[in-house]
Amino acid sequence: MTLFKTSVALSSIVLGLSGLAEAEVAAPSQVDQAFEKLTAINTMREGLAATLDGRRDPITEETFKQVCMPAGKALKEWATKAGYEARQVAMKNRNPSNALTVADEPVFAKFAADFRLRRFEQVVASGGRSGVQLYARIPVVAACLHCHGSEVARPEFIKEKYKADKAFGFKVGDLRGLYSVFIPKKQ
Ligand code: HEC
(Lines give C-alpha, C1' and ligand atoms only; values in the text may rest on other atoms or scores of the structure.)
Protein backbone atom coordinates (compact mmCIF):
# COMPACT_ATOMS: atom_id res chain seq x y z
CA MET A 1 0.00 0.00 0.00
CA THR A 2 2.80 2.39 0.90
CA LEU A 3 4.62 1.49 -2.31
CA PHE A 4 1.49 2.07 -4.30
CA LYS A 5 0.99 5.52 -2.76
CA THR A 6 4.62 6.43 -3.37
CA SER A 7 4.50 5.57 -7.05
CA VAL A 8 1.26 7.51 -7.53
CA ALA A 9 2.84 10.51 -5.85
CA LEU A 10 5.94 10.17 -8.03
CA SER A 11 3.96 10.01 -11.24
CA SER A 12 2.01 13.11 -10.17
CA ILE A 13 5.29 14.92 -9.73
CA VAL A 14 6.40 13.85 -13.21
CA LEU A 15 3.14 15.16 -14.59
CA GLY A 16 3.60 18.42 -12.68
CA LEU A 17 7.13 18.83 -14.01
CA SER A 18 6.02 18.45 -17.60
CA GLY A 19 5.29 22.17 -17.55
CA LEU A 20 1.60 22.10 -18.37
CA ALA A 21 -0.93 23.30 -15.84
CA GLU A 22 -3.18 20.49 -14.62
CA ALA A 23 -6.21 22.31 -15.94
CA GLU A 24 -4.89 21.96 -19.47
CA VAL A 25 -4.87 18.19 -19.37
CA ALA A 26 -7.56 15.65 -18.60
CA ALA A 27 -8.93 16.03 -15.09
CA PRO A 28 -6.72 14.07 -12.68
CA SER A 29 -9.72 12.16 -11.43
CA GLN A 30 -10.26 10.79 -14.93
CA VAL A 31 -6.70 9.46 -15.01
CA ASP A 32 -7.06 8.05 -11.48
CA GLN A 33 -10.29 6.33 -12.44
CA ALA A 34 -8.66 4.85 -15.53
CA PHE A 35 -5.81 3.52 -13.38
CA GLU A 36 -8.33 1.92 -11.02
CA LYS A 37 -10.03 0.25 -13.94
CA LEU A 38 -6.71 -1.13 -15.23
CA THR A 39 -5.95 -2.46 -11.74
CA ALA A 40 -9.35 -4.19 -11.69
CA ILE A 41 -8.78 -5.77 -15.13
CA ASN A 42 -5.36 -6.98 -13.99
CA THR A 43 -6.78 -8.48 -10.79
CA MET A 44 -9.43 -10.23 -12.88
CA ARG A 45 -6.75 -11.76 -15.16
CA GLU A 46 -4.71 -12.95 -12.17
CA GLY A 47 -7.85 -14.55 -10.68
CA LEU A 48 -8.67 -16.30 -13.95
CA ALA A 49 -5.09 -17.56 -14.38
CA ALA A 50 -5.12 -18.94 -10.81
CA THR A 51 -8.08 -21.17 -11.71
CA LEU A 52 -5.59 -23.20 -13.83
CA ASP A 53 -3.42 -24.10 -10.80
CA GLY A 54 -3.47 -27.81 -10.09
CA ARG A 55 -5.17 -28.57 -13.39
CA ARG A 56 -4.36 -31.94 -14.96
CA ASP A 57 -5.92 -31.55 -18.43
CA PRO A 58 -3.70 -29.87 -21.01
CA ILE A 59 -4.22 -26.17 -21.55
CA THR A 60 -5.97 -25.57 -24.86
CA GLU A 61 -7.18 -22.60 -26.84
CA GLU A 62 -10.46 -22.94 -24.91
CA THR A 63 -8.55 -22.34 -21.69
CA PHE A 64 -6.93 -19.22 -23.13
CA LYS A 65 -10.42 -17.92 -23.84
CA GLN A 66 -10.83 -17.89 -20.06
CA VAL A 67 -7.66 -15.90 -19.20
CA CYS A 68 -5.92 -13.34 -21.43
CA MET A 69 -8.72 -13.09 -23.93
CA PRO A 70 -11.28 -11.76 -21.40
CA ALA A 71 -8.66 -9.32 -20.05
CA GLY A 72 -7.98 -7.94 -23.55
CA LYS A 73 -11.67 -7.80 -24.30
CA ALA A 74 -12.56 -6.01 -21.05
CA LEU A 75 -9.84 -3.45 -21.77
CA LYS A 76 -11.07 -2.70 -25.30
CA GLU A 77 -14.73 -2.58 -24.29
CA TRP A 78 -14.13 -0.19 -21.43
CA ALA A 79 -11.88 2.07 -23.54
CA THR A 80 -14.29 2.23 -26.47
CA LYS A 81 -17.15 3.19 -24.17
CA ALA A 82 -15.07 5.88 -22.45
CA GLY A 83 -13.72 7.30 -25.73
CA TYR A 84 -10.14 6.23 -24.88
CA GLU A 85 -7.61 4.21 -26.85
CA ALA A 86 -6.21 1.23 -24.98
CA ARG A 87 -3.55 -1.36 -25.74
CA GLN A 88 -1.44 -3.91 -23.96
CA VAL A 89 2.20 -3.56 -24.92
CA ALA A 90 5.22 -5.72 -24.19
CA MET A 91 8.84 -6.01 -25.19
CA LYS A 92 8.47 -9.79 -25.23
CA ASN A 93 5.08 -9.91 -26.92
CA ARG A 94 3.04 -12.90 -28.03
CA ASN A 95 0.58 -11.16 -30.33
CA PRO A 96 2.59 -9.10 -32.86
CA SER A 97 0.07 -6.26 -32.58
CA ASN A 98 1.13 -5.77 -28.94
CA ALA A 99 4.70 -4.72 -29.75
CA LEU A 100 6.09 -1.53 -28.18
CA THR A 101 5.86 1.64 -30.25
CA VAL A 102 8.78 4.07 -30.37
CA ALA A 103 6.93 6.21 -27.81
CA ASP A 104 6.38 3.22 -25.48
CA GLU A 105 10.03 2.16 -25.44
CA PRO A 106 11.48 4.69 -22.96
CA VAL A 107 8.45 4.24 -20.70
CA PHE A 108 8.88 0.47 -20.73
CA ALA A 109 12.55 0.93 -19.80
CA LYS A 110 11.51 3.13 -16.88
CA PHE A 111 9.16 0.41 -15.55
CA ALA A 112 11.84 -2.25 -16.08
CA ALA A 113 14.37 -0.22 -14.09
CA ASP A 114 12.10 0.59 -11.15
CA PHE A 115 10.07 -2.26 -9.76
CA ARG A 116 8.14 0.03 -7.43
CA LEU A 117 6.69 1.93 -10.38
CA ARG A 118 3.09 0.83 -10.89
CA ARG A 119 1.84 3.78 -12.90
CA PHE A 120 3.21 6.53 -15.11
CA GLU A 121 1.53 9.20 -17.16
CA GLN A 122 2.70 11.80 -19.61
CA VAL A 123 1.13 14.64 -21.50
CA VAL A 124 0.72 14.09 -25.21
CA ALA A 125 0.54 17.17 -27.40
CA SER A 126 1.74 16.20 -30.84
CA GLY A 127 0.48 14.73 -34.10
CA GLY A 128 -2.86 16.48 -33.70
CA ARG A 129 -3.51 14.64 -30.44
CA SER A 130 -3.64 16.13 -27.00
CA GLY A 131 -4.37 14.40 -23.75
CA VAL A 132 -2.70 12.06 -21.30
CA GLN A 133 -1.05 8.72 -22.01
CA LEU A 134 -1.39 6.51 -18.94
CA TYR A 135 0.66 3.38 -18.41
CA ALA A 136 0.19 0.68 -15.74
CA ARG A 137 2.44 -2.24 -14.88
CA ILE A 138 1.47 -5.83 -15.70
CA PRO A 139 3.52 -8.01 -13.36
CA VAL A 140 4.06 -11.76 -13.67
CA VAL A 141 2.44 -13.85 -10.93
CA ALA A 142 2.88 -17.62 -10.53
CA ALA A 143 -0.29 -18.56 -12.43
CA CYS A 144 0.90 -16.75 -15.57
CA LEU A 145 3.67 -19.33 -15.93
CA HIS A 146 1.15 -21.92 -17.16
CA CYS A 147 1.43 -20.12 -20.51
CA HIS A 148 4.30 -17.61 -20.14
CA GLY A 149 6.82 -19.90 -18.39
CA SER A 150 9.58 -21.83 -20.13
CA GLU A 151 9.57 -22.03 -23.92
CA VAL A 152 9.20 -25.83 -24.05
CA ALA A 153 6.49 -25.93 -21.39
CA ARG A 154 4.16 -23.67 -23.37
CA PRO A 155 0.79 -25.26 -24.22
CA GLU A 156 0.72 -26.80 -27.72
CA PHE A 157 -1.85 -24.38 -29.12
CA ILE A 158 0.46 -21.46 -28.28
CA LYS A 159 3.46 -23.07 -30.01
CA GLU A 160 1.32 -23.65 -33.10
CA LYS A 161 -0.60 -20.40 -33.26
CA TYR A 162 2.08 -17.88 -32.27
CA LYS A 163 5.09 -18.64 -34.44
CA ALA A 164 6.83 -15.39 -33.51
CA ASP A 165 6.03 -15.74 -29.79
CA LYS A 166 8.44 -13.94 -27.46
CA ALA A 167 6.22 -14.03 -24.35
CA PHE A 168 7.85 -16.91 -22.49
CA GLY A 169 10.71 -17.47 -20.06
CA PHE A 170 9.25 -15.14 -17.44
CA LYS A 171 9.73 -15.47 -13.68
CA VAL A 172 7.43 -14.36 -10.88
CA GLY A 173 7.85 -10.62 -10.31
CA ASP A 174 9.07 -9.88 -13.85
CA LEU A 175 7.62 -7.04 -15.87
CA ARG A 176 5.27 -8.81 -18.31
CA GLY A 177 4.02 -5.69 -20.08
CA LEU A 178 2.07 -2.47 -19.70
CA TYR A 179 -1.47 -1.32 -20.16
CA SER A 180 -1.31 1.85 -22.23
CA VAL A 181 -4.32 4.16 -22.37
CA PHE A 182 -4.68 7.45 -24.24
CA ILE A 183 -7.17 9.77 -22.55
CA PRO A 184 -8.00 12.66 -24.87
CA LYS A 185 -8.19 16.15 -23.46
CA LYS A 186 -11.76 17.30 -22.87
CA GLN A 187 -12.85 19.76 -25.54
C1 HEC B 1 -4.03 -20.10 -20.67
C2 HEC B 1 -2.82 -19.50 -21.13
C3 HEC B 1 -2.44 -18.13 -20.57
C4 HEC B 1 -2.29 -17.78 -19.25
C5 HEC B 1 -2.48 -18.61 -18.02
C6 HEC B 1 -1.84 -16.40 -19.28
N7 HEC B 1 -1.73 -15.95 -20.56
FE8 HEC B 1 -1.21 -14.09 -21.14
N9 HEC B 1 -1.54 -14.58 -23.08
C10 HEC B 1 -1.89 -15.83 -23.54
C11 HEC B 1 -2.08 -15.78 -24.98
C12 HEC B 1 -2.47 -16.94 -25.87
C13 HEC B 1 -1.84 -14.44 -25.36
C14 HEC B 1 -1.93 -13.83 -26.76
C15 HEC B 1 -3.27 -13.15 -26.90
C16 HEC B 1 -3.53 -12.55 -28.25
O17 HEC B 1 -3.53 -13.28 -29.26
O18 HEC B 1 -3.77 -11.34 -28.30
C19 HEC B 1 -1.51 -13.72 -24.14
C20 HEC B 1 -1.21 -12.38 -24.09
C21 HEC B 1 -0.88 -11.68 -22.97
C22 HEC B 1 -0.59 -10.26 -22.94
C23 HEC B 1 -0.63 -9.28 -24.11
C24 HEC B 1 0.73 -8.95 -24.63
C25 HEC B 1 1.30 -9.96 -25.62
O26 HEC B 1 2.34 -10.54 -25.29
O27 HEC B 1 0.72 -10.16 -26.69
C28 HEC B 1 -0.28 -9.94 -21.65
C29 HEC B 1 0.11 -8.59 -21.12
C30 HEC B 1 -0.41 -11.15 -20.88
N31 HEC B 1 -0.76 -12.19 -21.71
C32 HEC B 1 -0.20 -11.22 -19.52
C33 HEC B 1 -0.50 -12.33 -18.74
C34 HEC B 1 -0.43 -12.34 -17.30
C35 HEC B 1 0.00 -11.16 -16.45
C36 HEC B 1 -0.83 -13.59 -16.90
C37 HEC B 1 -0.98 -14.09 -15.48
C38 HEC B 1 -1.82 -13.30 -14.60
C39 HEC B 1 -1.14 -14.35 -18.11
N40 HEC B 1 -0.91 -13.56 -19.20
C41 HEC B 1 -1.59 -15.65 -18.12
C42 HEC B 1 -2.08 -16.96 -22.77
C43 HEC B 1 -2.08 -16.98 -21.39
Side-chain angles (χ1 to χ4, degrees), residues 3-4 7 34-80 82 84-121 133-183:
L3 285 181
F4 171 77
S7 63
F35 179 66
E36 269 175 40
K37 181 69 191 179
L38 298 177
T39 306
I41 290 173
N42 200 60
T43 304
M44 177 189 80
R45 168 162 33 209
E46 290 180 358
L48 293 171
T51 63
L52 302 179
D53 294 348
R55 180 192 161 97
R56 284 161 189 234
D57 307 334
I59 292 175
T60 62
E61 189 151 13
E62 276 312 300
T63 330
F64 155 68
K65 291 193 180 144
Q66 295 155 26
V67 187
C68 282
M69 197 166 102
K73 215 169 148 224
L75 180 70
K76 293 280 177 202
E77 278 173 9
W78 159 74
T80 306
Y84 303 163
E85 292 160 28
R87 296 180 67 217
Q88 299 180 80
V89 295
M91 187 158 77
K92 297 206 300 176
N93 54 303
R94 176 156 288 167
N95 184 329
S97 69
N98 295 333
L100 298 175
T101 63
V102 173
D104 297 329
E105 275 172 17
V107 179
F108 194 87
K110 208 183 273 287
F111 276 88
D114 179 0
F115 275 78
R116 288 165 309 171
L117 190 65
R118 316 294 306 171
R119 157 185 172 169
F120 176 78
E121 59 246 40
Q133 191 76 37
L134 168 69
Y135 292 90
R137 174 183 294 273
I138 307 177
V140 173
V141 297
C144 310
L145 305 181
H146 290 296
C147 300
H148 297 291
S150 83
E151 180 171 12
V152 288
R154 287 172 307 157
E156 281 308 316
F157 88 90
I158 294 180
K159 292 181 195 164
E160 280 161 28
K161 188 171 167 191
Y162 300 92
K163 297 291 183 204
D165 188 16
K166 291 185 265 194
F168 51 78
F170 287 98
K171 297 187 305 298
V172 171
D174 281 350
L175 173 61
R176 172 65 186 85
L178 300 173
Y179 299 104
S180 165
V181 180
F182 175 66
I183 303 170

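Note that this is a predicted model, so its numbers are computed, not measured. Ligands are counted one by one from 1 in listed order, and the atoms in each one are counted from 1 as well.
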- Query: Does any N/O atom on Asn98 come nearer than 3.5 Å to any N/O atom on ligand 1?
  - Reply: yes

- Message: Looking at Arg45 and Asn42, would you say the former's side chain and the latter's main chain have a donor-acceptor pair under 3.5 Å?
- Response: no

- Task: Just jot down the ligand 1 atoms closer than 4.0 angstrom to any heavy atom of Pro139, in number order.
- Result: 35 (C)

- So, do Pro58 and Pro155 sit near enough that their side-chain heavy atoms are less than 4.5 Å apart? no

- For Ile41 and Ala71, the nearest pair of non-hydrogen atoms, with its separation, is CG2-O, 3.7 Å

- Task: Give every protein N, O or S atom lying under 2.8 Å from atom 8 (Fe) of ligand 1, naming each by residue and atom.
- Result: Cys68 SG, His148 NE2

- Task: For ligand 1, indicate whether the residue Asn42 contacts it via side chain, backbone, both or neither (heavy-atom separation under 4.0 Å).
- Result: neither

- Work out whether the distance between some heavy atom of Ala50 and some atom of ligand 1 is less than 4.0 Å. no

- Side-chain donor/acceptor of Asp174 to backbone N/O of Arg176, under 3.5 Å: no

- Task: Please report the closest heavy-atom contact between Ala90 and Gly177, naming both atoms and the distance.
- Result: CB-CA, 4.1 Å

- Query: Looking at Glu46, which atoms of ligand 1 are within less than 4.0 Å of one of its heavy atoms?
  - Reply: 38 (C)

- Message: Before you tell me yes or no, could you show the steps for His148 and Arg94 under side chain to side chain contact (heavy atoms under 4.5 Å, CB included), namely the whole-Å CA-CA distance, both residues' side-chain angles and the distance that decides it to 0.1 Å?
- Response: CA-CA 9 Å; His148 297 291; Arg94 176 156 288 167; 3.3 Å; yes

- Query: Once you round to the nearest 0.5 Å, how far does CH2 of Trp78 lie from CG of Leu38?
  - Reply: 5.0 Å

- Does any N or O atom in Gln88 lie less than 3.5 angstrom from one in ligand 1, N or O only? no

- Query: Which of the numbered atoms in ligand 1 are below 4.0 angstrom from a heavy atom of Leu52?
  - Reply: 1 (C), 5 (C)

- Message: Using 0.5 Å steps for rounding, measure from the NZ atom of Lys110 to the CG atom of Leu117.
- Response: 8.0 Å

- Donor-acceptor pair, Arg137 side chain versus Phe111 backbone, under 3.5 Å? yes

Under 3.5 Å, sequence neighbours excluded: what are the donor-acceptor pairs made by side chains of residues 96-103?
{"unit_1": "Ser97", "atom_1": "OG", "unit_2": "Asn95", "atom_2": "OD1", "d": "2.9"}
{"unit_1": "Thr101", "atom_1": "OG1", "unit_2": "Ala103", "atom_2": "N", "d": "3.4"}
{"unit_1": "Thr101", "atom_1": "OG1", "unit_2": "Asp104", "atom_2": "N", "d": "3.1"}
{"unit_1": "Thr101", "atom_1": "OG1", "unit_2": "Asp104", "atom_2": "OD1", "d": "3.4"}
{"unit_1": "Thr101", "atom_1": "OG1", "unit_2": "Asp104", "atom_2": "OD2", "d": "2.9"}

- Of all protein heavy atoms, the one nearest atom 14 (C) of ligand 1 is Tyr162 OH, 3.5 Å

- Message: Taking distance alone, with N or O pairs closer than 3.5 Å, would you say His146 contacts ligand 1?
- Response: no

- Give the atoms of ligand 1, by number and element, whose distance to some non-hydrogen atom of Ile59 is under 4.0 Å. 1 (C)

- Item | Nearest protein heavy atom with distance in Å, relative to atom 18 (O) of ligand 1 | Asn95 ND2, 2.8 Å

- Work out whether the distance between some heavy atom of Ile138 and some atom of ligand 1 is less than 4.0 Å. yes

- Query: At a non-hydrogen distance cut-off of under 4.0 Å, which region of Val141 contacts ligand 1 (side chain, backbone, both, or neither)?
  - Reply: side chain

- Message: Residue-level breakdown please: for Pro155 versus ligand 1, do any non-hydrogen atoms fall below 4.0 Å on the side chain, on the backbone, on both, or on neither?
- Response: neither

- Task: Please examine the side chains of Val152 and Phe168, heavy atoms only from C-beta on, and report whether any two atoms are closer than 4.5 Å.
- Result: no

- Message: Determine whether Val181 and Phe35 satisfy the following criterion, side chain to side chain contact (heavy atoms under 4.5 Å, CB included), listing intermediate values before the conclusion.
- Response: CA-CA 9 Å; Val181 180; Phe35 179 66; over 6 Å; no

- Query: Take atom NZ in Lys159; do more than 12 heavy atoms of anything else shown fall under 6.0 Å from it?
  - Reply: yes

